[in-house]
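Here the structure comes first, spelled out in structure tokens, and everything after it is commentary.
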Amino acid sequence: MTTLERSLVLVKPDGFKRGLSGEVLRRIEAKGYRLVALRILTPTREMLDAHYAEHAQKPFFPELVGFMASGPVTAIVIEGDQCIAGFRSLAGATDPTKALPGTIRGDLGRDWGMGSTENVVHGSDSPESAAREIGIWFPSL
Ligand code: DAT
Ligand code: MG
């Protein structure tokens, strides 16, 4: 017995720019998760400060926010039993160089030598994060 969950997925600016939104959506749907909401937007600084609040003191924070604000992203809410952990499995490890083949980051991401970690997708890491993040990207949900 598991509980129905929602997760916030982002196709980050590198993935959006490379035309990978459809491939990410395809993998989510092929896995069997349901698409609940979807929008395309260039995130504001305020949204990113809130979204990445846990990383505010990290040395990579300025590069992270600069990268995430650099262009449009596809924001998606997905739904399914254990979809939070399930999407993290689909996404793979944070570092795209180390992410295993078969994962989104392993198959589609790489180090571009840009100083920021460009790893194609974001996925919520817990039910609490998912609720908080969905509130930032989809205030009407
Ligand atoms: P994840 O996106 O796998 O949940 P995270 O929440 O720890 O990883 O970090 C958020 C983003 O910040 C991550 O996708 C890429 C960037 N990042 C994380 N650790 C980093 C590091 N050590 N150096 C540079 N960027 C990093
Ligand atoms: Mg994270």
Side-chain angles (χ1 to χ4, degrees), residues 2-141:
T2 60
T3 43
L4 192 63
E5 291 177 342
R6 287 184 173 188
S7 184
L8 186 277
V9 171
L10 301 175
V11 181
K12 296 184 179 184
D14 59 327
F16 184 92
K17 194 165 46 192
R18 293 170 60 213
L20 297 173
S21 297
E23 173 64 14
V24 172
L25 290 165
R26 188 195 67 73
R27 290 180 185 222
I28 290 167
E29 290 195 305
K31 179 76 171 173
Y33 299 137
R34 191 170 78 84
L35 304 180
V36 174
L38 187 150
R39 62 187 291 226
I40 294 166
L41 73 163
T42 300
T44 64
R45 180 72 205 217
E46 290 66 33
M47 292 172 75
L48 294 169
D49 284 347
H51 179 80
Y52 283 125
E54 65 172 312
H55 296 306
Q57 305 308 321
K58 305 274 176 65
F60 58 81
F61 185 75
E63 288 76 17
L64 173 62
V65 169
F67 160 58
M68 289 298 295
S70 68
V73 307
T74 303
I76 309 146
V77 177
I78 67 170
E79 186 174 81
D81 287 73
Q82 300 202 71
C83 74
I84 294 171
F87 180 78
R88 302 257 314 167
S89 291
L90 290 184
T94 303
D95 180 345
T97 299
K98 296 180 182 147
L100 293 177
T103 66
I104 293 168
R105 288 162 167 173
D107 287 348
L108 308 177
R110 54 163 284 193
D111 185 348
W112 297 94
M114 296 301 286
S116 57
T117 298
E118 304 196 355
N119 57 10
V120 189
V121 287
H122 166 84
S124 306
D125 65 8
S126 68
E128 295 72 29
S129 299
R132 190 178 64 76
E133 293 170 3
I134 289 168
I136 295 166
W137 296 86
F138 293 90
S140 62
L141 280 186

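Remember, it's 1-based here, ligands and their atoms both numbered in the order they're listed. Positions are given from 1 along the sequence. Every value quoted in this text rests on a predicted model; they were computed, and no experiment measured them.
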Parallel, tilted or perpendicular for F60 and H55, by the 30°/60° rule?
tilted

Kindly compute the distance separating CZ (R27) from CG (L90), expressed to the nearest 0.5 Å.
8.0 Å

More than 12 heavy atoms from other groups under 6.0 Å of NZ on K98
no

Would you mind reporting whether L48 and F61 have side-chain heavy atoms less than 4.5 Å apart?
no

In chain-and-number order, ligand 1 lies under 4.0 Å from a heavy atom of each of K12, Y52, H55, F60, L64, R88, T94, R105, T117, N119

From CD1 (I76) to CZ (F138), nearest 0.5 Å:
7.5 Å

Drop me the distance from Q82's CD to S7's OG, to the nearest 0.5 angstrom.
12.5 Å

